[in-house]
Amino acid sequence: MKLIYEQNAFLLDVCKLRSFIYNSEPEIFVTGGELLRTPEQQKIYFDTGRSKTMDSNHLKKLAIDLNFIKDGKLISDKKALQKFGDFWEILNPLNRAGMNFKSIYDPGHFERNLP
Ligand SMILES: [Zn+2]
């Protein structure tokens with residue numbers, strides 16, 4: 001499968017996720033963070049413990065970090081965000097939500113693995 005096909009499908013799922021968030025909790029603001037990450041930036045995150053891998057899906061434009069804001073405050077509480085992670089993983093069996101990672105809790109991270 002070509003990478004561009006997966007990148008396209010990934011962004012379509014991001015659109016569906018954003019619509020789901022708006023339709024279920026319109027008071028939550030969502031802003032975008034990193035999509036593409038350079039190998040140099042990944043190494044910094046790896047070396048400082050912010051990431052546990054040098055093979056991040058951000059390097060392939062198959063991951064995005066979203067910021068959830070409610071009443072002017074950043075939300076990172078798993079209980080408040082779990083339904084968004086669940087929705088993301090139901091969209092495609094290759095989708096993974098960072099809030100469900102075993103190695104690190106990354107609530108704003110949404111990624112798609114290559115088949
Ligand atoms: Zn991320």
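Taking the side chain as every heavy atom from C-beta outward, E111 and W88 never approach each other to under 4.5 Å. You'll find the side chain of K60 stays beyond 4.5 Å of the side chain of E6, heavy atoms only. Looking only at side-chain heavy atoms (C-beta outward), D65 and R37 come within less than 4.5 Å of each other. Looking only at side-chain heavy atoms (C-beta outward), F87 and I21 stay at 4.5 Å or farther from each other.
Under the 4.5 Å side-chain heavy-atom criterion for grouping Ile, Leu, Val, Met, Phe, Trp and Tyr, L62 is not connected to F46 through any hydrophobic cluster. The cluster map of Ile, Leu, Val, Met, Phe, Trp and Tyr, joined by side-chain heavy atoms under 4.5 Å apart, puts M99 and I69 in different clusters. Residues I44 and L59 do not share a hydrophobic cluster, defined by chaining ILVMFWY side chains whose heavy atoms lie under 4.5 Å apart.
Between K70 and E25, the closest heavy-atom pair is NZ-OE1, 3.9 Å.
With hydrogens and angles disregarded, no donor-acceptor distance shorter than 3.5 Å links the side chain of R50 to the backbone of D47. The main-chain N or O of L94 is found under 3.5 Å from a side-chain atom of N92 such that the two form a donor-acceptor pair. For the pair Q42 (side chain) and T53 (backbone), a donor-acceptor distance under 3.5 Å is present.
The aromatic rings of F84 and F68 sit parallel, their planes meeting at an angle under 30°, below the 60° perpendicular limit.
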